[in-house]
Amino acid sequence: MDREVAPELVKSERNRKWFVGATVLVILAAGIYFFRQSLGTSMESSRIRITVVQQGDVENTLNATGEVIPAYEQIITSPIRASIKSVLLTPGTKVVPGQAIVELDKSLTQIEFERYQDQLELKKNGIDQLRMRLDKNLYDAEISDKIKLLNINKLKADLEDSRRLEQVGGGTKEDITRAENALKIVELEKQQLENDLSYNRKSMGASLRETELGAQIEGKNLKELQHKLKMADIVADRKGVLTWVNENIGSSVNEGEMLAKVADLGSFRVEGSCSDVYAEQVKPGLSVIVKVNESALRGVITQVKPAVKDGVIGFVVQLDNAQNEALRPNMKVEVYVVTSRSANTIRVANGPAFNGKQKQHVFVLENGIAKRREIQVGLSNFDFVEIKSGLQVGEKVILTDMNQYEHLEEITIQN
């Protein structure tokens, strides 16, 4: 038969368990505390990066990306409809002015040019024939006018004779009237002839000018085609590098179709892009910093493209040093658009210690001891962070990420 456990024993066992549990918790807490203290009370100087607080300018920037593009790129198009006969150069070849790049088959255009020449000769021959015909008509009209004048003079003489005869009784009034009527008819015919002559002169002159104008149009068409034939010799017009060429030999190309690209690799620009979230901030005239390898090149935004594509806006940067040796075509670069600037302020080099918050803690090194201190930051970029409060010029700040030591107020730095 089981016996009932004494209440004193139950209470004693319960107390013992509580004591053991409390002891374990104390030991664990102490272990964690001493473990953290063992991790963070000191560290070697070789593991940290230190910078000195200084005074200078800080620029606030927006991050963007960019691509290096030749400042000048000549796009050579076909001036005529033709076929590619041969490709004389390959992409990457340096070219000089006048150097041939592509040879086109110009035979069809040459035939058309000769046809225009024949048409122009026909026009010129037609002008000569028209001029001779007009000259003959005018000459005939002038002769007829002179004959009329002679007839008038003769009729005037006849009229005078009729009047004298009537005075001496050798003629009648009817003879005088007939002579006067004949004279008036001839004078009207002469007036009509002179009017026709004047009209013919103007009409013939207009016809001649019209024909000559048609010949001028044919001549201009001929000159245009001649110019196109000359431009069909596909050559570079300045020094540069051939970046692209249509290598499809035998293929047909239409007038205006691209045949080659020649870039001037002595000067470059940058085509940048960033999120359209910054569309209101990115404007022409803003300063820009372009990171090319280890170099930082300055420039200015000259154009912001109006269209937004896939949530991205584009802009063009003119570099202050567009001939920097580090620049290469199609190179991808980091672009920083300067939106604001603080001049002659307290600043410190940017690094992992700064988390982007306005208020945060950093460790300041004093006599081998890193002391935790609260600071307030302002503007920042990839180089510097503006310090509003908490640091003085000349103090040393640890830039290394110190998150694992954030529970400590001081750390001993061992050499």
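Along the sequence shown, residues carry numbers from 1. Predicted, not measured: the structure shown is a model, and the values here were computed from it.
For the pair Glu187 (side chain) and Leu149 (backbone), a donor-acceptor distance under 3.5 Å is absent. A donor-acceptor pair under 3.5 Å is absent between the side-chain atoms of Arg341 and the main chain of Val58, judged by distance alone. Using modelled atom types, no side-chain atom of Thr345 and backbone atom of Glu386 make a donor-acceptor pair closer than 3.5 Å. Asn125 places no side-chain N or O within donor-acceptor distance of the main-chain N or O of Glu121, the cut-off being under 3.5 Å. Between the Glu73 side chain and the Asp264 main chain, no donor and acceptor come within less than 3.5 Å of each other.
In this structure Asn254 satisfies the side-chain contact (heavy atoms from CB on, under 4.5 Å) test together with Arg81, Glu257, sequence neighbours excluded. Under the side-chain contact (heavy atoms from CB on, under 4.5 Å) criterion, Ser340 pairs with Asn60, Leu379, not counting sequence neighbours.
The list of side-chain hydrogen bond (donor to acceptor under 3.5 Å, both in side chains) pairs with a residue in residues 283-310, not counting sequence neighbours, reads Glu59-Arg298.
In this structure, a donor-acceptor pair under 3.5 Å is present between the side chains of Arg238 and Tyr72. A side-chain N or O of Tyr336 and one of Glu334 form a donor-acceptor pair less than 3.5 Å apart. For the residue pair Asn403 / Asp401, a side-chain donor-acceptor distance below 3.5 Å is found, with atom types taken as modelled. Defined by atom type and a distance below 3.5 Å, a donor-acceptor pair is missing between the side-chain atoms of Ser267 and Gln323.
Under the 4.0 Å criterion applied to side-chain N and carboxylate O atoms, Glu271 and Arg269 are assigned as salt-bridge partners.
Atom CD1 of Ile413 sits about 10.0 Å away from atom CD of Glu44, to the nearest 0.5 Å. Note: Gln192 CD to Asn195 CG = 8.0 Å, rounded to the nearest 0.5 Å. Between the CG atom in Leu259 and the CD1 atom in Ile101 there is a gap of 9.5 Å [rounded to 0.5 Å]. Separating the CD atom in Gln110 from the CG atom in Asp105 is a distance of 11.0 Å, to the nearest 0.5 Å. Between atom NZ of residue Lys228 and atom CD of residue Glu224 there is a gap of 4.5 Å, rounded to the nearest 0.5 Å.
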Arg347 and Gln54: CA distance, side-chain angles, deciding distance, side chain to side chain donor-acceptor pair (under 3.5 Å) verdict:
CA-CA 6 Å; Arg347 69 183 187 181; Gln54 55 185 248; 2.8 Å; yes

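Partner of Val335 under the side-chain contact (heavy atoms from CB on, under 4.5 Å) criterion, out of Thr65, Val270, Ile289, Leu62: Val270 alone.
Side-chain contact between Ser78 and Met258: absent, with no pair of heavy atoms (C-beta onward) separated by less than 4.5 Å.
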